[in-house]
Amino acid sequence: MTPPTGAHIIARSLRDLGITVIFGIVGIPVVEIAEEAINLGIRFIGFRNEQAAGYAASAYGYLTGRPGICLVVGGPGVLHGMAGIGNANVNAFPLLLLAGSSETNLVSRGAFQELDAISLLTPHTKLALRPSSLESIPDVIQNTYRISWYGRPGTGFVDLPADLIKGVVEDAEDVAEAAPIPNAPKGGVEEARLFKIAQLIKSAKAPLVVIGKGAAYARAEGVTRDLIDKTNLPFLPTPMGKGVIADSHSANTASARSTALKEADVVLVLGARLNWILHFGDAPKWNPAAQFIQVDISAEEIGRNSGNPELGIIGDIDIVVSQLISALDSWSYPASTPFIQHLSAAKSKNEATAASKASDSRTPMTYAHAFTIIEQTLHSLSPPNDAGIVYVSEGANTMDISRSIFPVSHPRLRLDAGTYATMGVGLGYAIAAHAAYNGSAAEGQSGPQGRKKVVCLEGDSAFGFSAMEVETMARYGMDILIFVINNGGVYHGDSDDAEAWLELQGKTLEGKSEGGLRSTSLGWEVGYEKIAEACGGVGYLVRTPEELERATREGFREGRVCVVNVMVEAGKGQKLEFGWQASGTEKTRKR
Ligand code: ADP
């Protein structure tokens, strides 16, 4: 038997950890690692930019509950991949980045793609290591993988010099195997604190449960649903916490969000941070007297913006919530308190307003009307209860306006720009969702969680960050359905007046510039659907509700990647102040 190379040991260590998919881009010196991995039965998904590969690997980590793996070259590959690191850390997604680097004997001499990646990434990762020998590779990969995963998830980094990748061990017996790592042990809360918190919830006049993406990641949907069903506590999902409990549940206060925040006096926060998304827990968005009970796996999170760390619980949501259900001892919140009445009145009013926006049938279409058509068509093909669709949504207006129009009934079926509000994640996330739920169509593998259609709702600006990943989707036979909501600009574009835009048609770029091209301008009526056609997919350009309905229906059934370029009203989307953004005028702290 020929002694194994470093590349083989690296690939084998990943396989031994149970890795089945690697996201990345190859080049010297990591191409050999990818080839060895493929030979060992690991699926390698090759991207067009490391940024998208990093985003994909981290989303795969979130969806599967174990670190996603990203493989890139050194130097510029690492720099591009850093976007994935930042995004994974801020979202608390588990990610293991592996990168090649220059030969160790050439460091400091201006070697090919030379970069001191360990120094660069140490402050940005939970652990950044370089194996000191071929024999230490399995151990280094195993530990970095475990650390990126256990505790609050984040990123781990392993630097792999070219000489190590190409090196050959003298005796294969000297290389240990990496052992699979079990799920992290789960912690709960001690009796005294549990009792105190149960009493506080029982004494609340206006209790509220906030459900974040930490609850989705923790796979705590069973107990969370049990808690709400047994107690009748009103709940509010965060944008990616949607689906932990079905949006259609009667205790969902999403459409009465402002009222819920303003009046809630005791707030149980399950896997969500009191950051900008939740207005830092501050008045005037929140009741100034609100008491926050944070449940989080991360000790450091407890007390941040909550006012009183004494009310925090460090523990796994799954365990803590089941303890809480026992401690509440069949107690339930009355069905007709003033709080419930206010929530119900606000829901009726807000839902009526939303319905009138949805039926505004002007042409060009409004965002709300276009989303309503897409949703109704998809609904008829795959009702939310079937959990047959994963939604990926990004772009300020697109993400914000679509969020309430597309109901989600199951956890981990909606990904968006997340905690970092990272635009450009969409196509990488869609590829990750396809890999997580569907495996490789080409190889006939089934994904870990059952087959699903991936549907992307992309603003034209957000789509542009990684549009070339449409080719990645086409190459791997991924039947992803992408809607590009095209208003010709970032946010609302550069004009409040669609007529002005139309006048600009046919003019040269210089002419347009003289006319006042704004920072938010993008090309007018760009044919994004042609990208799909160029790559072997299917494109639709739609302007009317009928065309959109048809494209949605056909696109859903299409077996190839499909881009539907949806012309919507320019200049009429919501402006910068979108729903989850904290306004600068609302900095008044309550305590
Ligand atoms: P959202 O974007 O939905 O508001 P965040 O990303 O702000 O959610 O918060 C998710 C939180 O969930 C993080 O603080 C993270 O530490 C926490 N978390 C992740 N997994 C678990 C778990 N198993 N148990 C408890 N908390 C968890």
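Both ligands and their constituent atoms are indexed starting at 1 by order of listing. Any value given below was found using the heavy atoms of this structure, including those in side chains, with hydrogens, waters and symmetry copies removed.
Residue nearest to atom 11 (C) of ligand 1, selected from T419, D296, N275: D296 (by heavy-atom distance). Which of A272, G214, A218 comes nearest to atom 9 (O) of ligand 1 through a heavy atom is settled by distance: it is A272.
The nearest heavy-atom contact from the protein to atom 2 (O) of ligand 1 is K213 NZ, 2.7 Å. Protein heavy atom in closest approach to atom 1 (P) of ligand 1: T238 OG1, 3.7 Å. Considering only non-hydrogen protein atoms, atom 10 (C) of ligand 1 sits nearest to G271 O, 3.1 Å. Looking at atom 18 (N) of ligand 1, its nearest protein heavy atom turns out to be I297 CG2, 3.8 Å.
At least one heavy atom of G315 sits under 4.0 Å from some atom of ligand 1.
Every atom of ligand 1 with a heavy atom of G212 under 4.0 Å away is listed here by number and element: 3 (O). Short contacts between ligand 1 and Y217, defined as distances under 4.0 Å to a heavy atom of the residue, involve ligand atoms 20 (N).
Residue contacts with ligand 1 for R152 involve side-chain atoms from C-beta outward but no N, CA, C or O (heavy atoms, distance under 4.0 Å). Heavy atoms from both the backbone and the side chain of D316 come within less than 4.0 Å of ligand 1. Both the backbone and the side chain of I317 come within contact range of ligand 1, each with a heavy atom under 4.0 Å.
For H249 and F235, the distance between ring centers is under 6.0 angstrom. Residues F292 and W286 bring their aromatic ring centres within 6.0 Å.
Ring orientation note: the planes of Y217 and Y62 are close to parallel, at an angle under 30° on the 30°/60° scale.
The side-chain contact (heavy atoms from CB on, under 4.5 Å) test with K242 singles out one residue from V408, D416, L413, and that residue is V408.
Side-chain atoms of N252 and K347 form no donor-acceptor pair, as typed in the model, at a separation below 3.5 Å. Using a 3.5 Å distance cut-off with no hydrogens or angles, the side chains of T472 and E469 do pair a donor with an acceptor.
For F23, the ring-ring contact (aromatic ring centres under 6.0 Å, His included) test picks out Y60, with sequence neighbours left out. Every residue two or more places apart in sequence or in another chain was checked for a ring-ring contact (aromatic ring centres under 6.0 Å, His included) with F465, and none qualifies.
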